[in-house]
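Scroll down for the structure; my scribbles are underneath it.
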Amino acid sequence: MQGVTHPIVKDVVLVGAGHSHVTVLRMFGMKPIPGVRFTLISRELHTPYSGMLPGLIAGHYGFDDAHIDTGPLARFAGARIYQDEVVDIDLEARRVICRDRPPVPYDLLSLNNGSTPNTANVAGAGEHAIPVKPIDGFLARFEALIARVLARKGRTRLVLVGAGAGGVELLLAVEHRLRRELAQAGFDAGGLSFVLVSDTPEILPSFPASFRARFHAILAARGILVVVGASVSHVEAGRLTIDGYSPIEADEILWTTQAAPARWLAKSGLPLDSEGFLTVDDTLRVVGRDDVFASGDTIAFSTRALPKSGVYAVRAGPVLADNIRRSLTGRSLTRFRPQRDALYLVSTGEKSAVGTRNGLTFEGGWVWRWKDWIDRRFMRRFNELPEMAQPVKPPASAIADSAALKEISAIAMRCGGCGAKVGATVLSRALGAIEPAQRADVVVGLDAPDDAALVDTGGEKLSLQTVDYFRAIVDDPYTLGKIAANHSLGDVYAMGGEPQSALAIATVPYGLEAKVEADLSAMMAGANEVLRAAGCALVGGHTSEGAELALGFAVNGLVGRDAALRKGGLKAGDALILTKPIGTGTLLAADMRGKAKARWVAAAIAHMVQSNGPAAEILRRYRVHAATDVTGFGLLGHLVEMVRASDVDVTLATGRVPVLEGARETVALGIFSSLQPQNLRLRRAIRDVETAAAHPSYPLLFDPQTAGGLLASVPLAEAVRCVAALRAEGYAHAAVIGLVAERSAVLEPVTLDAAGASVEAALVERLNVLPTQSEEEHAAESVH
Ligand SMILES: Cc1cc2nc3c(=O)[nH]c(=O)nc-3n(C[C@H](O)[C@H](O)[C@H](O)COP(=O)(O)OP(=O)(O)OC[C@H]3O[C@@H](n4cnc5c(N)ncnc54)[C@H](O)[C@@H]3O)c2cc1C
C-alpha cells in the first residue's frame, strides 16, 4: 500500500503515540531511510496533547484541536499503524506482544507509552476514583461525570486528589466547565462544591512560592477548599478517609496523584528503577540494551531525576529521532540535555493563565493567549503536514496528450481493495467475447452472472464457487488478511450459502526471508481467524513474490438445491435493506493521501471485518427474496445488476443510505477511489439524474466497497422488524433504503428520492409507523 520500492531491511517499532514518537514520525517522514520500516502500535489513534488538555476540559477547544491525528502522520512517515495494546516484550525473540494480534517483530524498539494513575497504594481508589491517566480514557469518563452532575441538577461535591500542576489546572478547568454546563442547562451552580486534597505540605510543591501564592488566591476566589498534608488512606463510594482528618464526603472523586509506570513493564525483563519506570541513559537508550529506546513519562534517567511532564517528552522527541537514525546508521548517539528551568504556563479554567520561568511569575489573559499560540503552533506541525508526493510523475515531455497524462496520473494513485477492480463495462466487454464450454451441471455461470457460480456436483446441495483477490488496502498484513477473507466469503453469504473451503492466493513484496515470513504469517493468521469463525476450512493456496502485498481467496460454499438467493429475485412491493454503511472507497483513497482521520479509517476497517454471515441468516428469517453483496461496482452498480435481472423499477432513498463517518467530507474534498469514474457510467440508469445528483451522498452511491454489506429485498411488511433484528445483531447502521415497484414504461429503472419521503410514507402506510418513531421502537412494539 505504501508503494514499497526498497526491500525492507530493518523494522523499527514504536510503542505508544506519545509526545516524543509523534516527532519521530514527523522527522522520518521528512527524511526517510530507504529500507527502514516504521510500525506504530498505539492503544489510541488520536493522541491528546497534554498542553491543550485543560483547555479541552474547560470547553475552549474541540477534540480535533487538542489531539494529534496519528493516521495522516503515520501515512506521511510511511509507517504502519496498528491500534492495539502492548502487554509484553519478548526481548529474546525481539517481538512486541500485543493483546489482540500476533506478535510484532522488531530490529529496533522505542517505548513512549506514558504512565498510569497511582491508585494502587490506596484501598478503594481504583474502584471509586476517576483516574486522569491514561488521558485517552479520561475524556469519556469526564463526559459521563458531566451527565451525572446535570442529572443531580448541580448538587455535587467534587474532590480532586493530587495538587501538582496537572491536578490544580485540571480542577480549575473542571470547575469552569461544570458551572458553564449548569448555566446552559438552566440550573443553579450554587450546589457545586470543590475540594483539592494533597498529601504534600503545599500545593504545587515543585514551583516557586510566588507561583503558589497566585494559585492559592485563585482557588480561594473560586471557593475551592484546599486540604494539604492530608494523606488519603481509603476510598469508598461517596467518601474519602484521610489520616488525621475527618472523612470527606464526595459525589465525584478525581485522581491525579504521582504517575505510576505501566504494570506490564515489570514482567518484560527491561531494567526498571525502584518505582518501576524504565531506566534509560542520557541518550534515551534503555540501560544495557542496544536495541531499545524509551522516552516520556515511562522513563527514569539513570543519572538524574526529571519530573514527569509533557514538556520533557516533547523536548526529547528530536533527540530520540536523531538517536534512532544514528543507531540505524551505525553512528554514535547524542545526549538529551533537558532545559534546567522550563517555562511553565498553567491555565486557570477561564481564558487566563499563570506562568513562571527563572523564578519570575506572571498572570493574565495575555499569558493564556501566549500559551494558546505556542500550543497551536506545536499542533500545526503534526496536523498540517507537507503535501505528500504523488507515487508516479510521468515527465510532461513524454506525454503530449493531456487526456493520456490525466489517465496515467490516475493510474499512479490507483486504489487497492475493491477500488482496484476492473470496471463493470470493461469486464462485460472483455467477457462478452468469450464462449465458455457448455455443461449441464453448471447451474449459474457466465451466461447469467451472479455473486458466485453454482455447480451441481451431484450431491444433496449445490456447490457455490467464487474468487476474490486484491492489492493491499491497509498496511497491516494481519488486518488485510481479515478483510480479504471476509470479503471473499461475502459472495457465498449473498447467495444464501454456507462457506465450506478456501484456497488462498498471496503476493508478498520481495525482501529478507524473515520479513517476508513475518508478513505472510500475520496475513494468514488474520485470514484464518475469519475463515475459522465462518466454519470454512483453509485447504491450500499459492504464494508468490511481487511488488506489492496482495491477497485473495477462492471460496467454495454449499447451498440447498432451491435455496440459492439470486440477484434477480426482487419483487414489486419489497423493501430494499442495506446492512452496512458505504464509503470505504473514498475513505481508503483519502487515507492513501494522508487526508483521512485515523478514527474514520478505523471505523471503516471495523465494518470491513464484520462478517455478513449473521446478516444473511437474519435476512432469511424475514423472507428475503433477493440479495447481493455491495463491492467494487458500488451501491448503485450492484443495485442496477439486481434491477435488470429482476425486471423491476426501484426508488432509492439517498438520504436513508447509511454512510461511514468522514466519507461525505472526503468526497467533498474531491477524493474518490480510482474505480469511481467507471462506476459513474451507471448514472444512465437514474431517472432525472441532474436533480438527484444534488444530494451530498449522491457520489457515494458509486463508491466501490471492500467487504461491503448485503443489499437485499424483503417483503415491506417484514422490513422494520428485519432492520431491528440486524441492528440488535451488531449491524448498527442497517436501514431500509428503498422500495421495489413494477417495471414501468420509463427507460431508467432507478428513481432517487433524496429525502426518502416515499420510503417513509410506505412504512407509515403499511406498518402504521409514526413518522417520528424509530424503526427499532416500532419493531419493539410489534413484538409485544
Ligand atoms: C490534567 C493534566 C494536565 C497536564 N498538563 C500538562 C501541561 O500543561 N504540560 C505538561 O508538560 N505536562 C502536562 N501534564 C503531564 C503530561 O500529560 C504527561 O507528562 C505527558 O502526557 C506524558 O507524555 P508521554 O509522551 O510520556 O505519554 P502520553 O502522552 O501519555 O502518551 C502515551 C501513549 O502511549 C499509548 N499507550 C499507553 N500504553 C500503551 C500500551 N500498553 N500499548 C500501546 N499503546 C500504549 C497511549 O495510547 C498514548 O498514545 C498534564 C497531565 C495531566 C493529567
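All of these numbers come straight from a predicted model, not from anything done at the bench. Values below: every heavy atom of this structure, side chains too, minus hydrogens, waters and symmetry copies. Atoms within each ligand, like the ligands themselves, are counted from 1 in listed order. We number each residue from 1, following the sequence as shown.
Backbone and side-chain nitrogen or oxygen atoms of G51 are examined, and none is located within less than 3.5 angstrom of a nitrogen or oxygen of ligand 1. Ligand 1 has no nitrogen or oxygen under 3.5 angstrom from a nitrogen or oxygen of A313. In terms of N/O distances under 3.5 Å, ligand 1 is approached by A17. The shortest N or O to N or O distance between K371 and ligand 1 is not under 3.5 Å. Of the polar atoms of S295, none of the N or O atoms is found under 3.5 Å from an N or O of ligand 1, judged by distance alone. Residue R43 has at least one N or O atom closer than 3.5 Å to an N or O atom of ligand 1. Considering both main-chain and side-chain atoms, E85 never comes within under 3.5 Å of ligand 1 through any nitrogen or oxygen pair. Looking at S20 next to ligand 1, no N or O pair under 3.5 Å apart turns up.
Under 4.0 Å from ligand 1, not a single heavy atom of I57 appears. Contacts between W264 and ligand 1, counted as non-hydrogen atom pairs separated by less than 4.0 Å, involve the side chain only. Contact annotation for S50 and ligand 1: heavy atoms of both the backbone and the side chain come within less than 4.0 Å of the ligand. Under 4.0 Å from ligand 1, heavy atoms of D297 appear from its side chain as well as its backbone. Only the side chain of E169 comes within 4.0 Å of ligand 1, counting heavy atoms alone; its backbone N, CA, C and O stay farther away. At a heavy-atom distance under 4.0 Å, atoms from both the backbone and the side chain of V311 approach ligand 1.
The protein heavy-atom contact nearest to atom 41 (N) of ligand 1 is V86 O, 3.0 Å. Residue, atom and distance of the protein heavy atom nearest to atom 31 (O) of ligand 1 are G18 CA, 3.3 Å.
Taking a cut-off of under 4.0 Å to the non-hydrogen atoms of G296, the atoms of ligand 1 that pass are 26 (O). Those atoms of ligand 1 with a heavy atom of G114 less than 4.0 angstrom away are 26 (O), 27 (O), 30 (O), 32 (C).
By the side-chain hydrogen bond (donor to acceptor under 3.5 Å, both in side chains) test, S210 is found to be paired with T361, residues two or more places apart in sequence or in another chain being considered.
Aromatic ring orientation, H19 versus Y49: tilted (interplanar angle from 30° to 60°). Taking the six-membered ring where the residue is Trp, H60 and W368 present perpendicular rings, their angle passing 60° and hence far from 30°.
Distance screen at 4.0 Å: atom 51 (C) of ligand 1 has no protein heavy-atom neighbour inside the cut-off.
Between Q83 and A602 the shortest heavy-atom distance is OE1-CB, 4.1 Å. Across every non-hydrogen atom of F138 and V132, the tightest pair is CB-O, 3.5 Å. The minimum heavy-atom distance linking M27 with A321 is given by the pair SD-CB, 3.7 Å. Contact record, T348 with F215: CG2-CE2, 3.8 Å, taken as the closest heavy-atom pair.
Note on R148 versus E181: no salt bridge recorded, every NZ/NE/NH1/NH2 to OD/OE distance being 4.0 Å or above. Residues R599 and D64 are paired through a salt bridge, judged by an N-O separation under 4.0 Å between the basic side chain and the carboxylate. With salt bridges taken as basic N to acidic carboxylate O contacts below 4.0 Å, one links R376 and D372. Salt-bridge formation is detected for the pair R80/D519: a Lys NZ or Arg NE/NH1/NH2 atom is positioned less than 4.0 Å from an Asp or Glu carboxylate oxygen.
Cation-pi geometry between R222 and F194 is not satisfied (NZ or CZ under 6.0 Å from the ring centre, within 45° of the ring normal).
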